[in-house]
Amino acid sequence: MADSFKPRPEDKFTFGLWTVGNRGRDPFGEAVRPTISPVDIVALLAECGAWGVNFHDNDLVPIDATASERDKIVKDFRAALKKHGLVVPMATVNLFYDPVFRDGALTSNDCRVRAYALQKTMRAMDLGAEFGAKIFVMWGGREGTESDACRRPDDAIKRLREAINSLCEYSISQKYGYKFALEAKPNEPRGAIYFPTTGAYLGFIPTLDHPEMVGVNPEVAHEQMPGLNVLHSVAQAWEAGKLFHIDLNDQETGKYDQDFRFGSVNPKAAFFLVKFLEDVGYSGPRHFDAHAYRTEDYEGVKDFARGCMRTYLILKQKAKEWNANPEIKATLKEIASCNGGPKLPEKLTSAKLADIEFDRVHLAQKKLPYERLDQLTMDVLFGVR
Ligand code: GLT
Ligand code: MN
Ligand code: MN
């Protein structure tokens with residue numbers, strides 16, 4: 001029997017070089033896995049069934065590489081992509097690793113650091129464009145503070161606005177056709193990061209010179225770290241036409257940045273997220289921004305990558321079952337009904353509304369069988385229905 005949970009190109013599953021290439025280093029311990037080259041990562045991802053691969057500038061080209069080293073790396077990577085049939089839908093820039101960015105990059109107090117960060121981002125855009133990337137993710141990991149004595153936060157906001165405006169101009173002038181996807185995170189590596197939530201970025205985007213070029217890249221774990229409901233953030237982005245990309249992984253609330261395999265901690269939340277993406281017809285990449293447990297070797301990294309995609313596809317199948325389940329359908333119909341009570345006019349103007357008499361006590365008696373609905377959901381997820 002064919003495996004219906006086998007990833008296919010149309011599933012648009014992608015991984016960053018930094019995800020499967022993660023060597024398991026943490027604040028308390030050294031790397032546990034050897035370095036794996038970008039070319040070998042492409043082979044590994046192809047073996048696991050991924051559609052695409054994304055990178056930060058320095059995941060591919062080391063920060064101190066010479067022009068000829070860069071050319072060779074680009075050539076070898078291009079050949080690997082061709083050989084294995086992988087695409088590069090998204091690129092990004094590393095503005096957090098090097099000590100020069102220890103107090104921020106595009107929001108730094110030092111105008112030279114800000115200019116360098118801008119130049120580095122433009123070069124990262126050049127690199128991504130060479131591989132056909134059309135989405136450019138921006139995660140401001142160091143754009144924040146431990147002490148707010150260091151700058152006024154509204155200055156940081158103004159600096160970021162100016163930077164994104166010039167990056168949009170750069171994309172237009174180079175005809176790159178990029179869409180920028182801003183990625184929020186509340187903290188880590190900084191004590192507090194500016195724009196801590198997807199909603200914060202959604203409020204910022206309309207203040208830009210080219211708001212149509214800029215959207216968001218919500219990450220499951222980044223919304224779950226402070227205990228937010230990631231589906232609600234994703235839905236707000238979608239409804240605003242701003243869901244340009246998505247980072248799928250998992251995370252326990254209140255803990256360090258875990259970047260666990262998709263669906264491994266909160267399968268029910270993952271289910272409703274997958275159901276939403278499939279129901280609304282989100283057509284962008286499904287990017288897994290996670291990494292394998294530190295206990296794994298590279299065979300285990302493959303298990304991790306396969307697990308992310310398999311869980312997505314299982315949840316997609318469960319979403320179909322949920323949508324088709326007659327009891328669930330009937331319950332949804334029941335909770336959406338407006339039977340009894342005053343007959344409302346087609347168009348509810350304020351003049352008409354003023355004259356309607358509502359029976360508040362009757363309205364409050366309507367059955368809301370959410371216990372049953374949630375248990376039906378659990379039954380579908382557990383595979384007993
Ligand atoms: C980093 C971070 C991620 C971002 C990546 C893009 S890098 O691993 O934890 O959430 O998406 O810069
Ligand atoms: Mn993360
Ligand atoms: Mn991410």
Side-chain angles (χ1 to χ4, degrees), residues 13-27 31 41 52-61 63 88-98 101 104-106 117 120-121 123-125 127-128 133 135-144 160 163-164 167 178 180-190 193-198 201 215-226 228 230 233-234 237 243-262 264-266 270 273 284-294 304 308:
F13 290 139
T14 64
F15 290 81
L17 284 180
W18 69 94
T19 63
V20 283
N22 178 287
R23 300 181 56 209
R25 193 180 281 118
D26 72 18
I41 293 178
V53 60
N54 307 312
F55 53 76
H56 297 88
D57 48 355
N58 304 137
D59 298 336
L60 187 59
V61 181
I63 196 163
V88 177
M90 176 271 262
T92 181
V93 60
N94 187 324
L95 297 179
F96 47 87
Y97 197 81
D98 195 88
F101 301 127
L106 300 169
K120 190 173 191 292
T121 306
R123 290 183 180 164
M125 288 166 62
L127 185 65
I135 302 164
F136 197 85
V137 162
M138 295 190 68
W139 173 65
R142 295 281 173 198
E143 317 290 10
L160 190 71
I164 294 177
L167 294 170
Y178 274 122
F180 293 88
L182 310 181
E183 179 178 345
K185 189 178 183 185
N187 56 272
E188 216 183 330
R190 296 309 294 264
I193 300 178
Y194 302 124
F195 300 101
T197 61
T198 296
Y201 271 133
V216 290
N217 176 38
E219 173 168 318
V220 174
H222 294 180
E223 305 288 317
Q224 284 175 344
M225 280 173 76
L228 301 179
V230 62
S233 303
V234 168
L243 189 64
F244 288 5
H245 197 259
I246 190 162
D247 278 1
L248 302 170
N249 55 8
D250 217 338
Q251 169 80 35
E252 291 165 53
T253 289
K255 296 213 173 163
Y256 68 97
D257 181 16
Q258 294 175 309
D259 284 338
F260 283 150
R261 191 178 77 258
F262 180 58
S264 61
V265 180
N266 304 296
L273 178 59
R286 275 82 171 151
H287 176 237
F288 297 103
D289 188 7
H291 51 75
Y293 302 144
R294 190 166 184 265
F304 149 80
C308 286

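Whatever order the structure lists them in is the order used to number ligands and atoms, beginning at 1.
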- request: May I ask whether M138 has any heavy atom positioned less than 4.0 angstrom from an atom of ligand 1?
  value: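 M138: no contact with ligand 1 (<4.0 Å).
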Please give the atom name: the N, O or S atom of [X] nearest to the Mn ion (ligand 3).
X: D247; result: OD2
X: D289; result: OD2
X: E183; result: OE2

Residue portion contacting ligand 1 (non-hydrogen atoms closer than 4.0 Å) for D247: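 The answer is the side chain of D247.
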message: Is the ring pair F15/F288 parallel, tilted or perpendicular, if the boundaries are 30 and 60 degrees?
response: tilted
- prompt: Ring centres of Y293 and F260 under 6.0 Å apart?
  reply: yes
task: Taking the six-membered ring for Trp and the single ring otherwise, decide whether the centroids of F96 and F101 are under 6.0 Å apart.
output: no
Does any N or O atom in [X] lie less than 3.5 angstrom from one in ligand 1, N or O only?
X: N217; value: no
X: W139; value: no
X: K185; value: no

message: Is it true that D250 and S264 share a donor-acceptor pair across their side chains at a distance under 3.5 Å?
response: no
field: Metal proximity, E219 vs the Mn ion (ligand 2), N/O/S cut-off 2.8 Å
entry: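 Yes, within the cut-off.
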To check your reading of the model: name the closest protein heavy atom to [atom], its residue, and the distance in Å.
atom: atom 11 (O) of ligand 1; answer: E183 OE1, 2.6 Å
atom: atom 3 (C) of ligand 1; answer: D289 OD2, 2.9 Å
atom: atom 6 (C) of ligand 1; answer: H56 NE2, 3.2 Å

